Amino acid sequence: MNVLVLGAGQLARMMALAVKPLNINIRAFDVGSGNVVDPLSTSTIFGGLEKGIEFADFITAEFEHIDHQTLATCEASGKLRPNSQAIKIGGDRRLEKDLLIECNVANAKHQIIETKEDFEHALNKLSLPLILKSALAGYDGKGQWRLRDAAQAEEIWPDIKAFFDGGEKNVKHAVVAEQMVPFDREVSLVGVRDSQGNTKVYPLTENHHTNGVLSVSIATQVDERLQAQAKEVFDSIANELNYIGVLAIEFFQIGEQLLVNEIAPRVHNSGHWTQQGADTCQFENHLRAVCDLPLGSTELVRPSAMINILGEDTVPNEILNVASTTLHWYGKSKRTGRKMGHINVSGQSEKELALRLMQLADILPEAAFDELKPYVSAYQTKLD
Ligand code: AMP
């Protein structure tokens, strides 16, 4: 089976590594160069999307900010999974909010802002503090502003306006103003749906962000009711989209309630732990769904965690002395804050996992992993 992935980053790479044993060949379409590349070496195999479509039995995507013409061309071939509408929704917060309303799914109170009048209206309708997020092309905390008090409003609007003016021409730019949610923690649900409508979800994962970017995910056995609540949201969104493949949903947890923050129509960073902590990893399950193969079990095998390596191209080799630890590099050149790789670690119990996380935190350089030790320490305290 041949699959073309739109996007040639680490997610396409990990898909290729995961499904080689199933005899699924992955090639990646680099949207920057317009070439079809080998997802591991990123060297060009041939030029042009058309040839990539011809090569493929199925086409999927590793990110949501893909130009609509490319999506339309792929969809016209009848090979694109998930469908273009699902991918577009992941790339536009306005469409995403419409979908959440359509599915009757709880989310933060919000207003869409395209003009100064909309901005003033939003200030009247919502209570401070607010977070304002670019509707398009904003991710990992980029294109975001926080408005804590009314006095700041006058300063922020020119910034937002400049952001719109500097963006792509002939596109209607907007920000979504959202009321800040006083959440207890951030969790995400990664799940998979096949073309027959069968769904399976992994356990909810607790996520810690550093400067708006995911830094640590921890997956353990979770409270059944909370898991059921998340699964219900997953099913309603995935069914509404007639989705095929892996879909991730990020939530804020407040007490026993989950509010959806955002959805990602693809394999997700908070699901990387499944490479060693679940029966079938998210990358394999995504391709199983896309290629009409039976879905694999999403059961947790043992408590597991993932630590992102951000902006570093080396880590001390001693981390591999910590039991049940694996290291995954993405083969990318070093840039500040860039996702360069990740570390997975597991334990037979949560306590053992926490202990191993602390061993890793002791070895990893504090300058690059500055929030790891305090976070793991708080996690250990919670378990005591
Ligand atoms: P996002 O790009 O929407 O994932 O936002 C990045 C990070 O900002 C999230 O992981 C949260 O930590 C924080 N954040 C986003 N929206 C809200 C909100 N409505 N209330 C509180 N924190 C938020």
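Just so we're clear, the structure is a prediction, and the values are computed from it rather than from any experiment. Just follow the structure's listing: the first ligand is 1, and inside any ligand the first atom is 1. Any value given below was found using the heavy atoms of this structure, including those in side chains, with hydrogens, waters and symmetry copies removed.
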Does a salt bridge link D165 with K161, judged by any charged N lying under 4.0 Å from a carboxylate O?
-> yes
Criterion side-chain hydrogen bond (donor to acceptor under 3.5 Å, both in side chains) against Y330, the qualifying member of H342, K339, Q10, R13 = H342
Could you go through the side chain to side chain donor-acceptor pair (under 3.5 Å) check for Q276 and N344 one step at a time?
-> CA-CA 7 Å; Q276 73 179 49; N344 283 335; 4.6 Å; no
Go through ligand 1 atom by atom and flag the ones less than 4.0 Å from a non-hydrogen atom of H209.
-> 10 (O)
What do we get for N207 next to ligand 1 when only non-hydrogen atoms under 4.0 Å count, side chain, backbone, both or neither?
-> neither
Enumerated ligand 1 atoms positioned under 4.0 Å from heavy atoms of K133 = 3 (O), 15 (C), 16 (N)
Mind telling me whether H272 and F283 have parallel, tilted or perpendicular rings, with 30° and 60° as the class edges?
-> tilted
So, are E178 and K97 salt-bridged, with charged N and O less than 4.0 Å apart?
-> yes
Give the numbers and elements of all ligand 1 atoms closer than 4.0 Å to a heavy atom of E186.
-> 9 (C), 10 (O), 11 (C), 12 (O)
Out of R146, E178, E250, E262, indicate the one that has the non-hydrogen atom closest to atom 13 (C) of ligand 1.
-> R146
Against heavy atoms of F252, which atoms of ligand 1 measure under 4.0 Å?
-> 11 (C), 14 (N), 15 (C), 16 (N), 17 (C), 18 (C), 19 (N), 23 (C)
Contact (N/O only, under 3.5 Å) between V181 and ligand 1 = yes
Below 4.0 angstrom, N of the basic side chain to O of the carboxylate: do D362 and K373 qualify?
-> yes
Proximity to ligand 1 by part of R93, non-hydrogen separation under 4.0 Å | side chain
